[in-house]
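Taking it in order: structure first as structure tokens, then the write-up.
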Amino acid sequence: METITLTMPLDMHVHLRDGDMLNIVAPLTSYSFSGALVMPNLVPPVTTLEAVKAYRHRIKLAMESDDFEPYMTLFYQNYSREFLESVQDHITAIKIYPSGATTNSEGGVVSFDIEPMRATLEAMSELGICLCVHGETNGFVMDREAEFMSVYEKLAINFPKLKIVMEHITTRAAVEMLDRYDNLYATITVHHLMITLDDVAGGMLRPHLFCKPIAKRPEDRAALLKVALEAHPKVMFGSDSAPHPKSAKESCGCGAGVFTAPIALQLLCEIFEAHNKLDNLQAFISDNAQRIYGICAEYKEVVLAKHDFVVPEMYGEVVPMRAGETLRWSIERVD
Ligand code: DOR
Ligand code: ZN
């Protein structure tokens with residue numbers, strides 16, 4: 001039987017939520033990943049040291065394995081250097097959202113003018129705290145990410161020592177930025193490697209594929225696939241797995257988010273195998289992230305086998321991507 005062993009898989013962008021939802025989704029990520037960068041867009045967002053510590057504690061309680069590290073993040077505000085010094089040992093990155101760009105981002109920034117942010121970003125840069133960015137303007141929905149490239153350029157040039165991660169990139173424009181600035185990196189989701197806007201809205205509307213940034217054009221997906229499959233050294237896997245209850249997705253006013261945590265590794269095997277690039281999956285799923293973030297991940301080996309896996313219809317009240325469908329790879333065991 002064909003198998004592949006992934007060591008220390010990392011998901012460098014995940015939404016674990018809180019309360020009952022946390023208890024459903026945290027074990028699904030901690031089962032097959034060594035660690036994950038946990039997004040701070042709770043209600044209210046994670047903005048204090050106490051909130052970081054308390055949220056980490058709740059995640060630890062919700063996990064079902066000990067060999068998993070939640071890498072914590074703060075929700076960006078203009079923080080003082082003194083505060084950043086006090087919190088730096090407890091966080092891996094700070095996530096900045098444009099206000100209103102996506103789920104629970106109302107407290108995000110209303111402007112990316114550099115001057116008001118300079119002191120915070122300079123302090124982050126000196127303390128080695130990475131900046132993760134939800135890069136979308138408030139323009140026409142298909143153009144929001146491409147329009148944001150000028151902001152990435154401004155940030156990269158003004159803070160050349162700050163590591164900036166372009167989160168969940170969806171366009172060729174973002175891929176092209178990677179080789180232009182030393183301090184720009186990116187995460188890519190599994191769903192953006194698979195779908196385009198056609199899959200979301202080309203036929204009957206498929207709310208479980210609706211997310212922000214919205215899936216784009218075939219040429220954008222091709223550009224993402226190229227850098228993922230070659231495991232471009234500045235690119236990492238970040239699922240952006242974002243659970244919402246079925247009732248909130250299948251409703252008038254569908255929340256943005258695709259839930260992929262329990263099927264991400266299986267789907268990645270399928271994609272990398274289809275392109276004859278399984279040898280590069282280890283770098284995309286772990287090695288690049290460990291190098292970029294300077295992380296030494298918890299040791300874990302995940303063995304996947306070419307065995308059919310029927311995706312459950314629901315995990316708790318959440319519908320996963322590919323619900324009810326058969327995947328070609330399954331997780332055989334985790335050591
Ligand atoms: O689709 C998304 N869902 N994109 C985000 O940026 C946030 C996320 C969520 O929290 O649901
Ligand atoms: Zn996200």
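Values below: all heavy atoms of this structure, side chains included; hydrogens, waters and symmetry mates excluded. Keep in mind that what you see is a predicted model, and the values were worked out from it rather than measured. Atoms within a ligand are numbered from 1 in the order they appear, just like the ligands themselves.
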Ligand 1 versus N41, non-hydrogen atoms closer than 4.0 Å: side chain, backbone, both, neither? side chain
Which is it for E167 and ligand 1 at heavy atoms under 4.0 Å: side chain, backbone, both or neither? neither
Any idea which atoms of ligand 1 are less than 4.0 Å away from a heavy-atom of H244? 11 (O)
A242: numbered ligand 1 atoms lying under 4.0 Å from its heavy atoms: 3 (N), 8 (C), 9 (C), 11 (O)
If we ignore angles and hydrogens, is there a donor and acceptor under 3.5 Å between the side chains of E2 and W329? no
Any idea which atoms of ligand 1 are less than 4.0 Å away from a heavy-atom of H134? 6 (O)
Which option out of K212, R17, H13, H15 puts a heavy atom nearest to atom 11 (O) of ligand 1? R17
Atoms of ligand 1 close to C211 [distance to a heavy atom under 4.0 angstrom, numbered from 1]: 1 (O)
Taking 2.8 Å as the strict upper bound, the Zn ion (ligand 2) has protein N, O or S neighbours numbering 3
Nearest protein heavy atom with distance in Å, relative to atom 5 (C) of ligand 1: T102 OG1, 3.0 Å
Just heavy atoms, cut-off under 4.0 Å: does M39 contact ligand 1 by side chain, backbone, both, or neither? neither
Are any of the N or O atoms of G257 closer than 3.5 Å to those of ligand 1? yes
Residues passing the side chain to side chain contact (heavy atoms under 4.5 Å, CB included) test with Y31, sequence neighbours excluded, are I331, V334
Considering only Ile, Leu, Val, Met, Phe, Trp and Tyr, and joining two whenever side-chain heavy atoms are under 4.5 Å apart, list the other residues clustered with F75. L10, M12, L37, M39, Y71, Y97, V165, Y185, M236, I292, Y293, I295
Does the pair T137 and R144 meet the rule for a side-chain contact (heavy atoms from CB on, under 4.5 Å), with working shown? CA-CA 5 Å; T137 66; R144 286 177 191 175; 3.9 Å; yes
Is D66 atom CG crowded by more than 12 heavy atoms from other residues, nucleotides or ligands, each under 6.0 Å away? no
Identify, with sequence neighbours excluded, every residue that meets side-chain hydrogen bond (donor to acceptor under 3.5 Å, both in side chains) alongside R206. none
Suppose we measure from atom 3 (N) of ligand 1 to each protein heavy atom; which comes out shortest, and what is that distance? A256 O, 2.9 Å
Aromatic contact, H13 with H168 (centres under 6.0 Å): yes
D240 and ligand 1 - part of the residue with a heavy-atom distance under 4.0 Å: side chain
